[in-house]
Peer 1: 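My questions all concern the structure below.
Just follow the structure's listing: the first ligand is 1, and inside any ligand the first atom is 1.
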Amino acid sequence: MGNPKAFLEIHRQEAGYRPIHDRIHDFGEVEQTLSTRERKLQASRCMDCGVPFCHWACPLGNKAPEWNDALYKGDWELAYRLLNSTNPFPEFTGRICPALCEKACVLNRFNHEPTTNREDECAITEAAFREGYIQPHTDIVRNGKKVAVIGAGPAGLAAAYDLNLMGYEVTVFEKNEAIGGLLRYGIPNFKLNKTIIDRRLHLLEEEGIKFEYGKAIECDEAFAKQYDAIVVATGTPTARDLKAPGRELKGVHFALELLSQQNRILAGMEFSKDERITAKDKNVLVIGGGDTGSDCIGTSHRQGCKSVTQIEIMPRPVEGPEDPQNPWPNWPRTLKTTSSHEEGCTRRWNINTLEFLGKDGKLTGVKVQEIDWKPNPEGGRPIMVEKGKPEIIKAELVLLAMGFLKPEHPQYAENVFVCGDAANGASLVVRAMASGRQTATKVDQYIRKTYNL
Ligand SMILES: Cc1cc2nc3c(=O)[nH]c(=O)nc-3n(C[C@H](O)[C@H](O)[C@H](O)COP(=O)(O)OP(=O)(O)OC[C@H]3O[C@@H](n4cnc5c(N)ncnc54)[C@H](O)[C@@H]3O)c2cc1C
Ligand code: SF4
């Protein structure tokens, strides 16, 4: 801990976003960066607490106090080595992690000005790439055992990274045309530029991992027999649907249909007019109040929508930094306003969707109903009661952003291990990566035991 008084003297400073008028017309990353001096000052605020709750809260167990101290002292290489000792891809989490660690920071409890771990992480990693501290590992001793990873999202990539460094011959099978999973085909470019994923891919390839694209693998017995172990990291492929009357109308889409198509267009892919989903000149209604919905808002703005409204069936979360239902150091389920919300959006809560309305097969609006939630006298889920009269929200494009179903898996052979969202249901990149790393350890233990390595 370099400066024991810094947390008393220096305030939390976030880099913030590009101004709205500047960012709203392009898909470039919205987040800015601090100067080196400012970044080091931010790192100096870390108190190196006796019990580092940040470390406990981060699913990867990132050692924030250690790398913040190295960063404050200007030892960027050491900061990167410490960061990379627990986090294989800090360039992803440094950009899009909701920073569970910062909510658990003791300074958040003290004055709601936690350390800026996520931004520090990103700055350390970008400096490490710039300065050449990140080089492919080329001295890996192979053990002759073969592992297949199915799915190249953050969980599969983290598992592949660890297993490859342990000496396994790793092949990653991906049904899409490129790696990344939801990093590439869900999260918009304005949160994560895809060149960041490509940069990592080149390193993974140089380190010896093989990638096969356009391969939707069924992990049956015949496939399982070809490898010493298999990691299934196939994510949550099924989005939750809203089967209200009129669902079939042209203009009602799952959020990922819009988001993945937009990311593919930015990657140079072309779509016919009929295939193209666009918010241009449309009133957009996003159903679902979470992060996927927020990404739809930012994307709709950049496509040139007329208006965008986001509705959520659950009540408006409490405002402010503290959540009495889930107090520090846990994650507070409080109202979150993202960069996309700041760009303009009507947000409503306690709204139920009754019907999609249309003319000549095309969506024109959505009939909704304000509701309330009453406590259930028998306990369990509160009871929904209608409030007021149904109303119609004008919309030519509806985006369903209501989460994903937790996948069910068959009884796999004993050498098959499931990880990430495929195992735990839809979650976060940092949790997927942590699960991938834990699964790599399990695979290693299994192979060592089975083959007496
Ligand atoms: C729109 C959106 C925005 C999000 N934003 C954030 C955010 O800002 N921060 C955050 O932390 N989390 C965010 N998340 C959540 C995060 O992206 C996921 O939790 C994470 O990507 C899960 O990683 P995964 O590797 O388990 O699965 P995925 O990322 O879903 O990857 C699974 C991969 O498996 C492939 N696959 C599936 N079946 C097969 C098969 N049979 N054969 C071969 N390949 C197959 C898929 O094509 C995919 O590439 C967001 C999610 C969405 C939908
Ligand atoms: S990965 Fe997320 S939770 Fe972990 S240290 Fe980084 S920002 Fe914090």
Peer 1: Which protein N, O or S atoms lie under 2.8 Å from atom 8 (Fe) of ligand 2, given by chain and residue number?
Peer 2: Cys101 SG

Peer 1: Name all pairs fulfilling the ring-ring contact (aromatic ring centres under 6.0 Å, His included) condition that reach into residues 412-441, sequence neighbours left out, sorted by first residue then second.
Peer 2: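 Sorted result for residues 412-441: His409-Tyr412, Phe417-Tyr446.
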
Peer 1: Classify the ring geometry between Trp56 and Phe53 as parallel (under 30°), tilted (30 to 60°) or perpendicular (over 60°).
Peer 2: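 Correct class here is perpendicular.
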
Peer 1: Under 3.5 Å, is there a donor-acceptor pair between the Asn87 and Thr93 side chains?
Peer 2: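 Indeed, the side chains of Asn87 and Thr93 share at least one donor-acceptor pair under 3.5 Å.
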
Peer 1: Write none if no such pair exists; otherwise list each N/O atom of ligand 1 with its protein N/O partner under 3.5 Å and the distance.
Peer 2:
| from | atom 1 | to | atom 2 | distance (Å) |
| --- | --- | --- | --- | --- |
| ligand 1 | 5 (N) | Lys191 | NZ | 3.4 |
| ligand 1 | 8 (O) | Ile96 | O | 3.4 |
| ligand 1 | 8 (O) | Lys191 | NZ | 3.0 |
| ligand 1 | 9 (N) | Ile96 | O | 2.8 |
| ligand 1 | 11 (O) | Val429 | N | 2.9 |
| ligand 1 | 12 (N) | Val429 | N | 3.4 |
| ligand 1 | 19 (O) | Asp421 | OD1 | 3.3 |
| ligand 1 | 19 (O) | Asp421 | OD2 | 2.9 |
| ligand 1 | 19 (O) | Ser427 | O | 3.1 |
| ligand 1 | 19 (O) | Leu428 | N | 3.4 |
| ligand 1 | 25 (O) | Pro154 | N | 3.3 |
| ligand 1 | 25 (O) | Ala155 | N | 2.9 |
| ligand 1 | 26 (O) | Asp421 | N | 2.8 |
| ligand 1 | 29 (O) | Leu182 | N | 2.9 |
| ligand 1 | 34 (O) | Ala233 | O | 3.4 |
| ligand 1 | 41 (N) | Ile217 | N | 3.4 |
| ligand 1 | 41 (N) | Ile217 | O | 3.0 |
| ligand 1 | 42 (N) | Lys215 | O | 3.4 |
| ligand 1 | 42 (N) | Ile217 | N | 2.9 |
| ligand 1 | 44 (N) | Lys175 | N | 3.1 |
| ligand 1 | 47 (O) | Glu174 | OE2 | 2.6 |
| ligand 1 | 47 (O) | Asn176 | ND2 | 3.2 |
| ligand 1 | 49 (O) | Glu174 | OE1 | 2.6 |
| ligand 1 | 49 (O) | Glu174 | OE2 | 3.1 |

Peer 1: Looking at Phe129, I'd like to know if the NZ or CZ of Arg199 sits under 6.0 Å from its six-membered ring centre while staying within 45 degrees of the ring's axis.
Peer 2: yes

Peer 1: Does either side chain, that of Thr116 or that of Arg45, offer a donor lying less than 3.5 Å from an acceptor on the other one?
Peer 2: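 Per modelled atom types, Thr116 and Arg45 side chains form no pair under 3.5 Å.
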
Peer 1: Using 30° and 60° as the class boundaries, would you call the ring planes of Tyr227 and Phe173 parallel, tilted or perpendicular?
Peer 2: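 Perpendicular, since the angle between the ring planes exceeds 60°.
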
Peer 1: Looking at Glu177, I want to see if its CD is surrounded by more than 12 non-hydrogen atoms of other residues, nucleotides or ligands under 6.0 Å.
Peer 2: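 For Glu177, atom CD is crowded (more than 12 foreign heavy atoms under 6.0 Å).
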
Peer 1: So with a 6.0 Å cut-off around CD of Glu275, is the heavy-atom count from everything else above 12?
Peer 2: yes

Peer 1: Under the salt bridge (Lys or Arg N to Asp or Glu O under 4.0 Å) rule, collect the residues that match up with Asp162, sequence neighbours excluded.
Peer 2: Arg437

